[in-house]
Colleague: 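One structure, pasted below without further comment.
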Amino acid sequence: LEEFFGLDAHAHDLHTIDAVATRCGSSMAGRINKHKDEKSALISRLEGVMREFKRPSDEELLRRFPDWLSDTHKLADSVTYRSEYVELYERISGQELSEYKNRFKKYLNEDMIIRISDFQNMLSAQEEAIIENIEALNKSLKGIDFRNNPKTYIQLKENRVRTPNIRDFQAKLREWKPNIAEYERTRDDAILEQSFLKIQALIEELSTREAWRREVTDVRNWLEFTAKEYYRDDNRIFRTYDNTGKLSGGEKAQLTYTILGSAIAYQFGINRDGLDSRSFRFICVDESFSNQDDEKSTYLMDLCKQLHLQLLVVTPNDKTHIVEPYIARVHFVQRKNNRNSLIYDMPIAQYREERQKWVG
């Protein structure tokens, strides 16, 4: 009694036993109720934890593990079935955890790393292909006289774009790789997990930010180009074209003609001697001379001739003198009575002989 209730057993006799019994019963009831309350609170907290485990409120957790709810929906919320949670924990922390670790490493090494590496290599190959094509295009451009007095030629120079989006994406393409040497030394799974999380974040960003994805995965956006004009006699730089804002309309057109014409020649494999008669080299120029002086217009015709392009020129009567030295036939369109149009096909020699008949 002394130890449990704080009573001195020797200080009581039969006359006080009822009072002692009442006091002891009251103390016991108080302690029982206290333990019941503690048990009830503990059960409530435990069942709350069980419910949170079964149906977590953490959206990030559910996003990372989309199968969570389907794997836990059969678990009961009552503390009576707590053994099921213990059993699940022991199974996961034992055999399944080891199995999942091995599967994760295999998935990371054989799938994620290989696929993201292939993706990275594909983009790098596209960039290298563009640079190689520019080098080949420059060979074609070097054979074209851009200016006759003094003689010059055009070359293209690529520069890597450093806009924030491109720079951020390229950094993420470099930073996802795990430190394999450090992992082999420490066997720290966190190294692989960090790599996985970086890959996952990159994939999710590519999946959700459509405009950003289109911009950063189009390798053409990784490069910008400057046109440089060189003296032909000593290869010194004559002029650099960072943009065409300060050029006249004719100068813009001349620069555009030169680069596009050479690109067409390169794209379709037109050899420079022009002997391959079966190669595709047809282009159409529609009223290109309307806003240009004769010198720039003549340059376009000389360029097409130099590139051995097959040419169809659509132009009004007052510009036919520009194209006559370069064409073999004329398809002359005449409008009669302001209603009907007739097309006459004739060699250029016939057109010259009968010019007044058609244009008069």
Side-chain angles (χ1 to χ4, degrees), residues 123-124 126-167 170 214-216 218-272 274 281-309 311 313 315 319 322-323 326:
L123 295 177
S124 297
Q126 291 179 9
E127 183 182 26
E128 289 301 320
I130 292 175
I131 294 174
E132 291 175 2
N133 288 341
I134 292 300
E135 292 175 355
L137 185 56
N138 278 334
K139 293 179 181 178
S140 178
L141 283 168
K142 195 168 185 178
I144 300 171
D145 291 330
F146 186 72
R147 204 182 301 268
N148 287 319
N149 188 23
K151 285 189 176 296
T152 62
Y153 63 93
I154 293 291
Q155 295 284 274
L156 299 179
K157 173 65 177 176
E158 77 280 351
N159 301 292
R160 283 178 169 80
V161 173
R162 300 302 295 168
T163 60
N165 283 347
I166 300 297
R167 185 173 62 248
Q170 291 176 336
R214 287 199 303 267
E215 176 188 355
V216 300
D218 188 341
V219 180
R220 293 172 297 181
N221 294 327
W222 294 16
L223 301 168
E224 59 185 6
F225 300 93
T226 299
K228 294 181 180 293
E229 185 178 358
Y230 293 86
Y231 289 105
R232 188 169 293 282
D233 58 352
D234 59 6
N235 297 317
R236 288 184 298 112
I237 294 179
F238 175 79
R239 188 175 183 181
T240 298
Y241 301 92
D242 292 317
N243 60 69
T244 59
K246 296 181 180 180
L247 301 180
S248 67
E251 289 174 326
K252 289 180 183 178
Q254 183 177 355
L255 185 60
T256 302
Y257 292 154
T258 304
I259 296 173
L260 289 182
S262 185
I264 291 172
Y266 167 75
Q267 181 71 25
F268 290 102
I270 303 171
N271 58 29
R272 291 185 53 192
R281 50 181 187 263
F282 178 80
I283 64 172
C284 178
V285 181
D286 186 6
E287 294 195 33
S288 179
F289 308 140
S290 58
N291 296 318
Q292 295 186 41
D293 57 37
D294 287 1
E295 180 182 357
K296 293 295 188 294
S297 299
T298 301
Y299 171 80
L300 171 60
M301 301 306 298
D302 285 332
L303 174 65
C304 293
K305 181 179 180 180
Q306 192 171 354
L307 292 173
H308 311 296
L309 296 172
L311 192 64
V313 180
T315 188
K319 295 292 184 179
I322 297 173
V323 302
Y326 304 92

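Because the structure is predicted, anything quoted here is derived from the model rather than measured. Values below: every heavy atom of this structure, side chains too, minus hydrogens, waters and symmetry copies. Residue numbers count from 1 along this sequence.
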Colleague: Residues in ring pair (Phe, Tyr, Trp, His ring centres under 6.0 Å) with F238, at least two apart?
Modeller: Y231

Colleague: Please determine whether the number of non-hydrogen atoms from other residues, nucleotides or ligands lying under 6.0 Å from atom CZ of R167 exceeds 12.
Modeller: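 Counting neighbours around CZ of R167, more than 12 heavy atoms of other residues, nucleotides or ligands fall under 6.0 Å, so yes.
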
Colleague: Please enumerate all residues that pass salt bridge (Lys or Arg N to Asp or Glu O under 4.0 Å) together with R236, with sequence neighbours excluded.
Modeller: D234

Colleague: Should R160 and E127 count as an ion pair when the cut-off is N to O under 4.0 Å?
Modeller: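 E127 and R160: salt-bridged.
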
Colleague: Give me the one residue out of L137, T226, I237, L141 that meets side chain to side chain contact (heavy atoms under 4.5 Å, CB included) with Q155.
Modeller: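 Between Q155 and the candidates, side chain to side chain contact (heavy atoms under 4.5 Å, CB included) is satisfied uniquely by L141.
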
Colleague: To the nearest 0.5 Å, how far apart are CG in L156 and CD in E135?
Modeller: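 Here the rounded value is 11.5 Å.
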
Colleague: If every non-hydrogen atom of F146 is compared with every non-hydrogen atom of Q254, which pair is closest and at what distance?
Modeller: O-NE2, 2.6 Å

Colleague: Hey, is the main chain of R162 close enough, under 3.5 Å, to the side chain of W222 for a donor-acceptor pair?
Modeller: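 Judged by distance alone, no pair lies under 3.5 Å.
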
Colleague: Considering only heavy atoms from C-beta outward, does the side chain of I322 approach that of T315 to under 4.5 Å?
Modeller: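 They are not in contact (no side-chain heavy atoms under 4.5 Å apart), so the answer is no.
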
Colleague: Roughly how far apart are I259 CD1 and I134 CD1, rounded to 0.5 Å?
Modeller: 9.0 Å

Colleague: Do K142 and N138 have side chains that approach each other closer than 4.5 Å (heavy atoms only, starting at C-beta)?
Modeller: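 The answer is no, as the side chains (C-beta and beyond) never meet within the 4.5 Å cut-off.
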
Colleague: Out of curiosity, E158 CD to I131 CD1, how far, rounded to the nearest 0.5 Å?
Modeller: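 If I round to the nearest 0.5 Å, the distance is 5.0 Å.
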
Colleague: Contact between K151 and D233 at the side-chain level, heavy atoms closer than 4.5 Å - yes or no?
Modeller: no

Colleague: Apply side chain to side chain contact (heavy atoms under 4.5 Å, CB included) to V216 and Q170, showing your working.
Modeller: CA-CA 8 Å; V216 300; Q170 291 176 336; over 6 Å; no

Colleague: Working to the nearest 0.5 Å, report the span between CD1 of I154 and NZ of K228.
Modeller: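 Interatomic distance, I154 CD1 to K228 NZ, rounded to 0.5 Å: 10.5 Å.
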
Colleague: Please determine, by modelled atom types, if N165 and E215 share a side-chain donor-acceptor pair under 3.5 angstrom.
Modeller: yes

Colleague: When rounded to the nearest 0.5 angstrom, what is the spacing between CZ in R214 and CG in N221?
Modeller: 11.0 Å

Colleague: Would you give the length of the straight line joining atom CZ of R239 to atom CG of L255, rounded to the nearest 0.5 angstrom?
Modeller: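 Here the rounded value is 9.0 Å.
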
Colleague: Could you tell me whether the side chain of N159 reaches within less than 4.5 Å of the side chain of F225, counting heavy atoms only?
Modeller: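 They are not in side-chain contact.
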
Colleague: Could you go through Y241 and E229, starting from their C-alpha distance and side-chain angles, then the distance that decides it, and tell me whether this counts as side-chain hydrogen bond (donor to acceptor under 3.5 Å, both in side chains)?
Modeller: CA-CA 8 Å; Y241 301 92; E229 185 178 358; 2.6 Å; yes

Colleague: Under a 3.5 Å cutoff, is there a donor and acceptor pairing between the side chains of N235 and Y153?
Modeller: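 Side chains of N235 and Y153: pair found under 3.5 Å.
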
Colleague: With the threshold set at 4.0 Å, does a side-chain nitrogen-carboxylate oxygen contact exist between R232 and D145?
Modeller: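 Yes, R232 and D145 are salt-bridged.
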
